[in-house]
Amino acid sequence: MTTRSVGAPVARSEDPRLLRGEGRYLDDLGHDAFQIAMVRSPHAHARVLDIDVSGALEVEGLIAIHTFEDLPPRLQEPLPLLLPHPSLTAGRTQHLLADGEVNHVGEAVVMVTATDRYAAEDAAERILVEYDPLPAVVGPERARAAEHAVHDDVPDNVAAHLEQSIGDAPAAIGAAPNRLRFRLDIERSASTPMEGRGTYARWDGDDERVRLHTSTQAPTSVRAAVAAFLGLQLAQVECIAPDIGGGFGVKIMHPWPEEILVPWAARELGHDVKFTEDRREHFVSANHERAQVHWIDVGFDDDGRVLGLDVEFIHDHGAYIPYGLIVPIITSTQLIGPYKLENYRVVFDSVYTNTTPVSPYRGAGRPQGCFAMERTIDRIAAHLGKDRTEVRSVNFLQPEEMPYDFGLTFQDGRPLRYDSGDFPASLEKLKQLVDWDGFEERRAAAEAEGRLLGIGLATYVEGTGVGPYEGGHVLIEPGGTVQVSTGLSTQGQGHQTVFAQIVADELGVDLADVRVVTGDTRRFPYAVGTFASRAAVMSGNAIHLAARRVREKALRIASEALEVDAEDLELADGQARVVGSPDTAIDLKVVATLSNPLRYAFDESARIATQFANPGKEGQPPVTDDDEPGLEATDYYSPMSSTFANGMHAVEVSVDPDTSDIEVVRYAVVHDCGPLLNPRIVQGQVLGGVAQGVGGALYERMAYDEHGQLQNASFMDFLMPYATEVPSVDIDHLETPSPLNPLGIKGAGEAGVIPGAAAIAAAIEDATGVVIDAMPISPSQLHEQRLTTAQDRPGDTT
Amino acid sequence: MSVTAGAHERIEVEVTVNGVPRAAEVPPRRLLSDFLRHDLRLTGTHVGCEHGVCGACTILLDGAPIRSCLAFAVSVHGRELTTVEGLAADDGTLHPVQAAFQDQHGLQCGYCTPGFVMSACGFLAETTEPDDDEIREGMSGNLCRCTGYAGILAAVKQAAGDLRASGADPRSQHQPEDDAFAGRPGGEHGPAGGDGGGEVPS
Ligand code: FES
Ligand code: FES
């Protein structure tokens with residue numbers, strides 16, 4: 001009997017090939033392709049006065065040099081603004097190659113194509129670009145001050161101004177018995193997947209088609225963009241996401257200039273062309289995120305209940321805004337977390353700076369929102385001298401209030417409506433897991449050893465499974481293999497395994513017989529993409545629905561062949577069989593063969609199928625009006641609204657009193673993403689997210705100087721945590737199912753990263769007594785702050 | 001090593017990779033990582049930084065781990081190299097270190113994985129009975145952006161035990177018939193042991 005695999009910690013089927021070195025990542029393809037190297041701007045802001053390529057022409061292996069002037073008119077148009085919004089009144093996007101002006105270090109100016117990357121870089125080095133440097137605008141506040149403009153026609157540097165509110169926050173704050181006002185900062189960071197961006201194109205002149213492999217989270221959209229820019233029909237463009245070495249958001253940006261230029265060059269040159277960026281290019285020309293400054297004004301009662309919350313913030317979106325307002329809108333709406341806010345106003349300005357553009361990085365505005373809200377709750381607790389968990393409890397939305405509509409508009413343009421969650425239960429679990437009530441004893445013990453120990457916690461709610469839709473296709477081949485495809489692509493989330501689990505259960509087949517393909521437009525042309533923790537929810541449910549249709553069809557054909565009622569049949573062990581008398585059965589591969597009226601006796605199934613051959617019904621064609629040949633089905637899942645996962649993290653840190661060195665000694669996670677399709681994979685997602693959260697809290701920042709030069713554009717200087725920096729993590733799950741989808745699931749991809757900075761800041765504050773209002777924080781920054789705080793409070797010897 | 005005259009000098013590099021003699025003519029500046037990936041088409045060795053920090057390009061040179069992005073191909077002429085392609089048995093059965101990575105969910109996107117696997121093979125050859133701290137330290141030269149390392153550390157711990165039990169040298173190709181790992185479902189789907197949670201060294 002086939003055992004149910006959904007919910008089991010099934011080992012990943014993608015692992016063996018990846019472990020043997022048989023993965024096929026972008027740069028593993030196209031060894032004979034011409035290679036691109038870009039001449040990129042060394043200035044944050046400058047006019048391009050002249051480009052002299054003469055010195056490069058002698059380089060052996062050089063194939064072509066292109067500047068903006070050399071591009072056809074369609075390719076001289078700026079990149080699309082992917083997500084327009086009525087508030088986005090001054091949206092500017094980049095050109096494929098700079099059109100007379102560069103707006104950030106790393107912006108592409110000249111494209112060099114050569115026989116290999118070495119030669120392309122040689123030629124690129126010999127190209128002389130004359131620049132007239134302009135003043136650089138760096139940091140959200142300097143942008144807002146508008147002393148200089150990034151784009152001449154946007155003198156105030158503000159691309160968008162958006163306000164949303166519930167109730168009347170200013171009035172509620174004015175009337176509240178307690179009020180606090182303060183500022184909170186989060187610095188820039190980035191996804192930095194281990195594999196950078198890359199694109200490889202083959203132009204087939206005989207077929208007049210382009211086949212594009214690109215390291216993307218949105219292959220169907222890249223396909224559409226390439227068709228539009230190159231003037232091709234969709235049918236002439238195939239886009240495939242090969243194995244991808246991590247995305248974390250940055251590869252949802254599309255199209256990158258190179259994703260258009262590479263296939264264009266391939267067609268122009270009649271030769272395969274490839275672009276594989278190096279690490280420095282990734283740092284300066286692949287998108288960043290996170291930088292925001294927030295001003296909080298909060299009114300609350302003596303129990304700590306928030307009566308009114310007013311948040312203003314500036315979002316630094318860099319030199320261009322191709323991805324619209326998604327990140328600041330998510331901050332605005334997800335800041336609320338698990339709390340019942342009845343008077344809330346949030347206002348932001350999204351501003352241009354002469355730095356690398358911004359699009360979502362795992363968490364996408366939520367880490368900032370969580371930091372703002374959770375630091376606020378901690379301030380309230382400190383002000384009232386209350387336990388931080390108590391203040392959270394009085395503000396929680398209660399489980400019986402679900403579904404709860406806040407009256408705000410979420411990132412998908414739909415109402416912000418929580419569908420499920422039990423926040424008091426989650427908090428109780430977390431307190432147990434981290435032994436919250438026993439902390440003061442641990443603190444005292446640490447103090448006796450001369451260590452400062454602190455504890456902090458942070459909670460979040462995450463809208464996941466954002467629409468509009470995903471689709472799935474399921475096909476049982478006459479050979480018995482089950483082929484599954486969905487349009488979105490995979491960057492390590494184990495989709496091949498999880499989607500196979502869903503199908504195996506529905507069709508009663510062995511996991512090993514299910515083959516899953518993601519992110520290949522030849523297999524499934526419709527998709528939205530992998531972001532917003534949506535793949536399992538959206539494609540998982542779509543595949544589930546498609547598999548159910550295949551199941552129904554298989555039962556119908558089997559019931560005709562076996563001459564029993566479909567209701568008396570079950571699918572198990574690769575067969576359709578009579579419940580209770582499993583000897584009356586027919587193999588699914590025979591059913592698959594029967595589903596096609598044209599069959600030659602190529603194999604055993606076909607020979608068996610002839611025994612069942614149904615001559616067709618009298619007076620009807622072999623394929624009836626409501627039928628199709630083949631044992632396959634396509635279905636789509638399109639939800640009314642997002643499903644909301646939630647979680648809470650608690651952290652204990654130890655601070656060295658002499659050096660202010662910070663060590664995370666305990667990290668506990670309670671997570672509710674509904675039923676777990678594969679606990680091992682969900683746990684992996686959470687652990688990976690926590691590591692990024694720790695990195696974002698303590699190590700990772702994009703350090704720009706005032707001229708817009710990124711000072712740490714390498715893994716030597718941008719400090720991603722190694723194994724030695726990541727704590728062990730205790731995880732507990734609460735599984736409140738979502739009522740919104742057939743599998744009851746909620747997304748899990750981003751959860752781990754969201755509360756990291758907030759929880760670690762709270763723990764450091766608790767350990768040292770220093771108010772932490774900006775993250776990330778380094779030991780030297782903390783030390784400085786401790787000295788200042790001690791000065792401000794004479795007599796305090798901490 | 002023979003030198004071809006001319007403006008674009010190319011040098012013949014002969015090496016033994018995974019037990020097989022290989023040769024190619026390359027310019028003196030060709031990185032060893034590019035030589036393996038693009039000249040020999042052994043693309044299992046990955047590059048994540050090309051400045052010696054991430055460890056994705058780790059291979060074994062005469063049995064000791066090195067970062068192939070920091071060496072020129074010409075500098076390893078005549079030497080023995082082991083890459084991730086050289087570990088699994090001929091029939092595809094995973095090497096104990098590889099099998100442990102699957103068992104303990106030590107990989108997600110898999111990009112850093114060959115580097116970790118090679119580092120672990122080098123580490124376990126030197127340190128056969130590592131404690132949890134030594135494993136953490138031993139694996140701290142490689143970056144992974146996906147896993148948060150817990151599964152990787154658990155995998156190295158499992159592999160250490162498995163290798164001790166079999167007595168196999170972690171740097172050599174897996175020989176399934178020699179030990180208790182024969183028949184491991186490394187080549188296909190399947191519950192390859194482990195509970196997914198894994199015991200995480202702290
Ligand atoms: S690619 Fe060699 S260490 Fe990163
Ligand atoms: S598994 Fe993706 S970088 Fe390690």
Side-chain angles (χ1 to χ4, degrees), chain A residues 8-16 18-25 27-28 31 60 116 118 191-195 243-248 278-279 491-494 497 500 510-512 678-681 683-692 714-716 720 722-724 726 728-729 752, chain B residues 7-8 27 29 37-38 41-46 48-51 53-54 56 83-85 87-88 92 94 98 101-103 105 107-114 117 136-137 139-153 186-192 194-197 200 202:
Chain A
V10 176
R12 301 199 325 163
S13 57
E14 37 278 86
D15 288 356
L18 299 180
L19 281 160
R20 286 191 294 253
E22 293 163 6
R24 286 293 173 268
Y25 300 86
D27 191 53
D28 303 341
H31 293 285
E60 187 175 310
D116 68 15
Y118 289 75
S191 304
T192 58
M194 294 309 299
E195 179 202 34
D243 287 319
I244 297 181
F248 315 111
D278 65 27
R279 186 49 60 184
Q491 303 81 40
Q493 301 91 334
T497 305
D510 200 62
L511 265 181
N678 183 326
R680 139 183 342 219
I681 286 174
Q683 172 163 318
Q685 288 293 314
V686 173
L687 292 171
V690 167
Q692 281 176 331
S714 86
F715 280 153
M716 218 105 68
M720 240 157 75
Y722 287 100
T724 32
V726 177
S728 301
V729 181
Chain B
H8 280 264
R29 64 176 174 173
R37 292 178 44 72
H38 300 304
R41 310 234 164 152
L42 291 167
T43 54
T45 300
H46 296 160
C49 69
E50 291 182 293
H51 48 248
V53 183
C54 75
T83 69
V84 73
E85 289 94 341
L87 295 180
L94 297 181
Q98 294 171 319
F101 268 70
Q102 181 179 30
D103 292 350
H105 194 19
L107 64 152
Q108 289 183 24
C109 77
Y111 198 79
C112 70
T113 309
V117 167
R136 208 177 264 275
E137 201 57 46
M139 290 298 104
S140 69
N142 293 59
L143 285 171
C144 172
R145 192 55 158 169
C146 294
T147 62
Y149 302 104
I152 293 172
L153 302 179
E188 272 306 328
H189 304 256
D195 60 2
V200 180
S202 49

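Chain letters run A, B, ... following the sequence lines, proteins first and then strands; every chain starts at 1. Computed over heavy atoms, backbone and side chain alike; hydrogens, waters and symmetry mates excluded.
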Which region of [X], side chain (C-beta onward) or backbone (N, CA, C, O), has a non-hydrogen atom less than 4.5 Å from a non-hydrogen atom of chain A, or is it both or neither?
X      : answer
B:T147 : backbone
B:L87  : neither
B:E50  : side chain

Find the one option among [options] whose heavy-atom pairs under 4.5 Å with chain B are most numerous.
options                        : answer
A:Q685, A:Q493, A:Q692         : A:Q692
A:T192, A:N678, A:D278, A:I244 : A:T192
A:V726, A:L18, A:D28, A:I681   : A:D28

How many angstroms lie between [atom1] in [X] and [atom2] in [Y], if you round to the nearest 0.5 Å?
X      : Y      : atom1 : atom2 : value
A:R12  : B:L107 : CZ    : CG    : 5.0 Å
A:Y722 : B:N142 : OH    : CG    : 8.0 Å
B:Q108 : A:Q491 : CD    : CD    : 11.5 Å
B:R145 : A:E195 : CZ    : CD    : 15.0 Å
B:Y111 : A:D243 : OH    : CG    : 11.0 Å

Inspect the surroundings of CD in B:E137 and state if more than 12 heavy atoms from other residues, nucleotides or ligands are less than 6.0 Å away.
no
Test side chain to side chain contact (heavy atoms under 4.5 Å, CB included), reference B:V53, set A:M716, A:M720, A:R279, output is A:M716
For residues B:H46 and A:D27, is any side-chain donor paired with an opposing acceptor at under 3.5 Å?
no
Show your reasoning for whether side chain to side chain contact (heavy atoms under 4.5 Å, CB included) applies to B:T43 and A:R24.
CA-CA 8 Å; B:T43 54; A:R24 286 293 173 268; 3.4 Å; yes
Identify which part of [X] has an atom lying under 4.5 Å from any heavy atom of chain B, answering side chain, backbone, both or neither.
X      : value
A:V690 : neither
A:S191 : backbone
A:Y118 : both

Any chance you could lay out the side chain to side chain contact (heavy atoms under 4.5 Å, CB included) test for A:M194 and B:C109, step after step, and finish with the verdict?
CA-CA 9 Å; A:M194 294 309 299; B:C109 77; 5.5 Å; no
